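Reading through the C-alpha cells given below for one structure.
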Amino acid sequence: MLDIKTIREREMDVRTALQTRGSDFDLDCILELDMERRSLVGEAEALKHERNVVSKEIGRLKKEGEDAAEQRDQMRAVGERISKMDARIREIDSTLQGLLLEVPNIPCAETPVGSDESANRLVKTRGEPGSFSFTPRSHVELGEMLGILDFERAARISGSGFPLLKGHGARLERILIQFMLDIHTMEHGYEEVAPPYMCNADAMTGTGQLPKLAEDMYYIKSDDLYLIPTAEVPVTNMYREEIIKGSLPIRHVAYTPCFRREAGAAGRETRGMIRVHQFDKVELVKIVEPDQSYAELEKLLGDAETVLQRLELPYRVRELCTGDLSFAAARCYDIELWAPGQNDWLEVSSCSNFEDFQARRAGIRYRNSSGKTVFPHTLNGSGVALARLVVAILENYQEADGSVVIPEALRSLMRMDKIQPRS
RNA sequence: GGAGAGGUGGCUGAGUGGUUUAAAGCGGCGGAUUGCUAAUCCGUUGUACGUCUUUUGGGCGUACCGGGGGUUCGAAUCCCCCCCUCUCCGCCA
C-alpha cells in the first residue's frame with residue numbers, strides 16, 4: 001500500500017509509475033476523497049473539542065448544584081452533527097482504504113521500463129545447457145519410466161493438476177527440502193520457520209494477495225481461511241501489527257506446500273509438474289532497514305542461486321520490467337532453470353524487494369537507531385520452488401536409457417547415485 | 001464442542017459515569033550525586049490522524065484501555081455483537 005501522503009504530494013510520480021506498469025487505476029477518485037475527508041475531519045474535531053470542553057463544564061455545574069440544561073441541549077445538537085459527520089468520514093475511510101489497497105507499488109528507479117515480458121532484462125546466464133546424443137525426454141515420460149511420478153492416480157484422487165510422487169521421486173523431493181533448508185540455515189544465516197498453511201484474510205491482505213488475487217486462492221468457507229499460495233504470507237505476517245523489538249535484519253526460511261488455483265490457466269502446461277495446484281517450496285523472507293534493502297535483495301538472489309550452483313544446473317536470471325512486475329514488488333529478479341525436455345526455461349524463484357509496501361499494509365514497524373517507529377522493507381524469494389526443480393533435475397541429468405543420475409551434492413543424502421528405470 | 005475466568009501503556013497492576021489529562025510500581029531515556037559499581041534523588045516516557053509553525057524540531061487539536069456498534073451533555077467504566085488467551089471437561093493424531 002502506498003502512503004496517502006505520497007499520493008497527495010508526489011502525484012505525478014505515482015501517475016507515471018501506474019502508467020509504466022500498464023495500470024489504468026484512477027487516482028482522481030482517491031485524491032478527491034482524501035480532500036473531502038481532511039476537511040470533514042478538521043470540522044468534526046473542532047466540534048469534538050467544543051463538546052469535551054462544555055461536557056466538563058456540565059460536570060462542574062452539576063457538582064455545584066447549578067442548572068446545566070441549556071448546555072446539555074446545545075451539546076446534544078452538537079453530538080448529532082458530530083455523529084453525522086463521523087458516519088460520512090467512516091464511509092469515506094472505508095472506500096478510500098479499499099481503493100488504496102488496489103494501487104500497485106511504485107517500481108524502483110532501476111527497474112527497466114516496458115509493457116511485457118519481452119522488455120525483461122537478462123542479468124546473467126550460469127552453467128552450460130548439456131548436449132545430448134539423444135532426444136531428451138520430458139519429465140513426464142521419465143517419471144513414468146522410473147516409476148516415480150503418477151499423474152493418473154493423482155487425478156483419480158484430486159483431479160487434474162496435482163502431483164503424486166512415489167519411491168525415489170518422493171525421496172528426492174524430501175531430500176531436496178532438507179538440502180536447501182540446511183544451506184540457508186547453516187550457511188546463509190536464516191532462521192527456520194514452520195508456519196501455518198492456512199491464513200486469514202488480514203494476513204492475505206497484508207502481503208498483497210487480497211483483494212486482487214482472491215480468485216487464485218483456495219478458500220475454506222466454513223472457517224474463513226485461505227490455503228497459502230506461498231510461505232511469504234504466513235512468514236511475513238508473523239510480524240503484522242507489531243513494532244518489532246530487537247535488531248534488523250530478520251531472515252527466515254520456511255518450507256511449506258503452496259496451493260494455487262491457477263484460475264484461467266487451463267490448457268497451459270497442463271501436463272506434468274510445471275504448473276500444478278499444489279507444490280512444495282522453500283521460501284526466504286527478510287525484514288530489513290530501508291537503506292539496506294537493495295543490498296539485501298542482491299544477497300537474497302545469491303542465496304537462491306547457491307542452491308542451483310550446488311546442484312550444477314544451468315540457469316539464468318532476468319530482471320522483470322515495470323509491466324511484468326507483480327503487484328506488490330518494487331524490483332524483482334526471476335531465476336529460471338533450463339529444462340531440456342521442455343526446451344524452455346522454468347521459473348523457480350522470484351526474488352523481490354517490496355520496500356515498505358507490505359510493511360505499511362501489514363502494520364509491521366520497528367524502531368530505528370534514533371528511536372523513531374518506521375516501516376521496514378520486506379523482501380522474499382524462493383530458495384527454490386520444488387516441483388520445477390525436480391523437473392529440471394530429471395531432465396538435465398537423464399541418460400539415453402531413461403535413468404537419471406543424482407546430482408553429486410545430493411548423493412550422500414539420497415544414499416544413491418542414480419535412479420534406474422523399472423524393468 | 002461444553003463450562004468458567006480473563007484481555008488496561010514496553011511490563012506488572014489500580015480504576016464500576018465527570019478532580020483520570022489512565023494512579024502506582026518496574027523498565028527505558030536524560031540529568032544530579034558519586035574513586036568504580038550499586039544505591040539514592042530529580043525530570044521524562046506510546047501510536048495514528050488533522051492542523052499550524054517549519055532549522056533539528058516543536059505547538060495545538062482529535063482519537064486510541066482486545067475489535068466493532070450503541071446509550072449519554074460526557075464511557076476504560078453501562079448495553080449488544082465478535083475475536084483472542086487461560087483453566088477444567090469432552091473428542092482426538
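None of the values given here were measured: they were computed from a predicted structure.
In this structure, A:Arg260 has no salt bridge (charged side-chain N to carboxylate O under 4.0 Å, His left out) partners at least two apart in sequence or on a different chain. Legend: residues meeting salt bridge (charged side-chain N to carboxylate O under 4.0 Å, His left out) with A:Arg10, ordered by chain and number and at least two apart, are A:Asp13. A search for salt bridge (charged side-chain N to carboxylate O under 4.0 Å, His left out) contacts involving A:Asp93 returns A:Arg37, not counting sequence neighbours. Residues satisfying the salt bridge (charged side-chain N to carboxylate O under 4.0 Å, His left out) criterion with A:Arg76, sequence neighbours excluded, are A:Asp73. For A:Glu36, the side-chain hydrogen bond (donor to acceptor under 3.5 Å, both in side chains) partners are A:Arg88, not counting sequence neighbours.
Listed by first and then second residue, the ring-ring contact (aromatic ring centres under 6.0 Å, His included) pairs involving residues 213-238 of chain A are A:Tyr219-A:Tyr226 (not counting sequence neighbours). Pairs engaging residues 365-391 of chain A under the ring-ring contact (aromatic ring centres under 6.0 Å, His included) rule: none recorded [sequence neighbours left out]. Note on residues 39-52 of chain A: pairs passing salt bridge (Lys or Arg N to Asp or Glu O under 4.0 Å), not counting sequence neighbours, are A:Lys48-A:Asp86. Applying the salt bridge (Lys or Arg N to Asp or Glu O under 4.0 Å) test to every pair with at least one member in residues 157-178 of chain A, sequence neighbours left out, gives these pairs: A:Asp150-A:Lys166.
On the nucleic acid side, RNA chain B contacts chain A at distances under 4.0 Å to non-hydrogen atoms, with the end points of that region at B:G18 to B:G74.
Taking atom P on both B:G70 and B:G10, the two are 28 Å apart, rounded to the nearest angstrom. Taking the P atom of each, B:U12 and B:C81 are spaced 29 Å apart, rounded to whole Å. Rounded to a whole angstrom, the distance from the C1' atom of B:U21 to that of B:G61 is 14 Å. Using P as the reference atom, B:A5 and B:A63 are 33 Å apart when rounded to the nearest Å. Rounded to the nearest Å, the gap between the P atom of B:C88 and that of B:A14 is 23 Å. On the C1' atoms, B:A39 is 10 Å away from B:U34, given to the nearest whole Å. Using P as the reference atom, B:G9 and B:U77 are 15 Å apart when rounded to the nearest Å. Here the separation of B:A24 from B:G15, taken at their P atoms, is 15 Å to the nearest Å.
Here A:Arg60 lies out of heavy-atom contact (under 4.0 Å) with every strand. If you check every strand for non-hydrogen atoms under 4.0 Å, A:Arg360 touches nothing.
Residues A:Glu57 and A:Val53 both approach RNA chain B. Their nearest nucleotides, taken by heavy-atom distance, put A:Glu57 toward the 5′ side. Nearest-nucleotide positions on RNA chain B for A:Asp73 and A:Ile243 put A:Ile243 closer to the 5' end.
Under the 30°/60° scheme for interplanar angles, the aromatic rings of A:Tyr190 and A:His188 are found to stand perpendicular. Under the 30°/60° scheme for interplanar angles, the aromatic rings of A:His277 and A:Phe162 are found to be tilted.
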- Message: If a pair means Watson-Crick or G-U wobble with both distances below 3.5 Å, what does RNA chain B look like in dot-bracket form, with | marking bases paired to a different strand?
- Response: ((((((((.[[[..)..(.....]]]((((((.......))))))((((((((...)))))))).[[[[[..)....]]]]])))))))....
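Salt bridge status for A:Arg331 with A:Glu319: present, with a side-chain N to carboxylate O gap under 4.0 Å.
Of the residues in residues 34-46 of chain A, those lying under 4.0 Å from RNA chain B by heavy-atom distance are A:Arg37, A:Arg38, A:Glu45.
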